[in-house]
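Here is the naming used below: chain letters follow the sequence lines, and residue numbers restart at 1 for every chain.
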Amino acid sequence: MPSNAEAAEIFSLIADLLDVLGEKFKPDAYRRAARSIETLSEDLGRVAARNELRTIPGVGAAIEEKIREYLATGTIPYYERLRREVPPGLAELMRLPGLGPKTARRFWVELGIEGPGELSDAISQGRLLGVKGFGPKKIEQIASALRAATAAPPGGAARLPLEAAFPVAERILRALRAVPGSESIEVAGSFRRRRESVGDLDILATSNTPDAIFDAFSALPDVREVRLRGGTKETVVLANGLQVDLRVVEPDAFGAALQYFTGSKDHNVHLRTIARDRGLKVNEYGVFRGEERVAGRTEEEVYASLGLAWIPPELRENRGEIEAAAKGPLPPLVGPADLTGDLHVHLPSEASAEDIDRLLQEARARHLDYLGIVVAGFGADGRPFALAPAAIARIASARPKGLTVGVAIETDGERSVDLPSGIRADYRVIRPTAAPPGPVAASARGPPALLLAHLGPSPGEPAERVRHWVDRARAEGCALEVGPGPERLDSNGARLAREAGVPIGIPTGVGAAADDPTGPIALGLARRAGTAADEVRVRPPTSSAGSRRPIVSR
DNA sequence: GCCGTTTTCGGCCCGACTGTTTTCAGTCG
């Protein structure tokens, strides 16, 4: 079964092999295509069937041809040929930190080394001593990288899911903001773009005492290794293997640096092309005309100097957002203030009536006008759960001013849920247990309003499966929920849902612990999908219309 | 190999840091 993830992987490997062969620009071309395919919200097969492969950024005639070969046969002859030509072990060598294509190629051509094992042997036999360009430090660096690679599980450093990166980022920000003399401190990179997973953390700071910040950074409790430290940047590796970069810049360059280190790479390359055409130069210190800095303090300044409206970080993937920003301000993306309701609030089973009151207070303080609380149902483990009868009664009878409260049950779509007598559910949240599940049985009471799409744990989940959920949500007239975790849509899925006209539900995080990242992550993923501010409206059920069903509308 | 209202050919982002060097190459993001 061909998949976008596998196709992207093959193109990425082609790039590595071409690198070893000393090709100059082709590797970047293949990597760019690989990145585009990896973040595509639709299966390549569908795009190919519409004859639109060339609309994918970085895909031209040659790569289109190779995609078609892959779709038809599951392999690409060009890739097979390269693999016969270049020992695959060299691509492994290139993935070691500090070791790139040039060095891998020299090992191969000058020393006949074709992989990590042979390199280890060569080092222990002293064969690298005296080779030009390899001093004692370099050799030790390589030996250490080889040891780390054998100790680590194969496949290299895995990307960290965004929800796992959140608490790490919070902890680091708190520590650095406590350093006297520190000013603005932000996380940039793919974390700021709210990618579903992050490969590292990029932290940006302005400070009049950079050394104090660097010292505090090195002294963070879970730092395993300081990989490099210069006058403006430092790289550390945490105990869990996550790499964290800290850069300190002057305040006049903060906007430029934030823009630059937020990326994405393809977005930045496009911006610099525009700058060059206007006789300008963009780097992390600002936008320059000759020696003169024309922008840099804020991101808005940087974009404006290029004739562009400011672009939200979640959209910076070079997927047409720059062209749109050239025409004028972008439609505002959904923000915290636009979330006027929440269909899916969970409470601990021991929650009391007083806890309910506190939740309602918080909802009002956050200006929500609809709150749907799950009172009973079946959890992720398939076992039934329910709030205490007193709490359920309080929810059912609550009439706080300006806030409509809904009673929700959570089902797997097949079993019905018992509620205390006199209390009925307003709608169902459906948590499918199998994939793909059967149709939702009529025996479960109430109309569905929200469907949690189970996307499964594998990162290379075929877009086809997501489409299954989108189609089903449309057929049943319910919304799909976006958010972290395997049971909800990621931003690609949310984009598919939007394109299909299926509303998406965004959890607000109301009632959750202060450090629970679900709310901000869900919002970020919805924004990555391009969800506009006016697309998310939760309307409470209105008895006058004869419906008790909350609607998430577009 | 891709791309283009300045180009269908000739470009392809740019700077920090490291290690090995007598001025720079390689790697990284």
B:dT23 and B:dT18, which share atom name C1', separated by this distance in whole Å: 15 Å
Considering only nitrogen or oxygen atoms on both sides, find all protein atoms under 3.5 Å from nucleotides 3-7 of chain B and state each distance.
unit_1: B:dC3; atom_1: OP1; unit_2: A:G58; atom_2: N; d: 2.9

Gap between atoms CZ and C1', on A:F25 and B:dG11 respectively (whole Å): 8 Å
Distance test, side-chain N/O of A:T232 to OP1/OP2 of B:dC17, below 4.0 Å: yes
Phosphate OP1/OP2 of B:dG1 contacted by A:K66 side-chain N/O (<4.0 Å): yes
A:N283 side-chain N/O to B:dG15 phosphate OP1/OP2 under 4.0 Å: yes
Sugar-phosphate only, base, or nothing, as touched by A:K26 at under 4.0 Å among non-hydrogen atoms: base
Protein proximity profile, nucleotides 22-29 of chain B - base contact B, sugar-phosphate-only contact S, no contact -, cut-off 4.0 Å on heavy atoms: ----SSSB
Sugar-phosphate only, base, or nothing, as touched by A:A61 at under 4.0 Å among non-hydrogen atoms: sugar-phosphate
Salt bridge present between A:R528 and A:E317 (N-O < 4.0 angstrom): yes
Donor-acceptor side-chain pairing of A:T235 and A:Q243 below 3.5 angstrom: no
A:S264 and A:D266: side chain donor to acceptor below 3.5 Å: no
Sugar-phosphate, base or nothing in reach of A:G231, heavy atoms under 4.0 Å: sugar-phosphate
Complementary nucleotide of B:dT8, counting Watson-Crick and G-U pairs under 3.5 Å: none
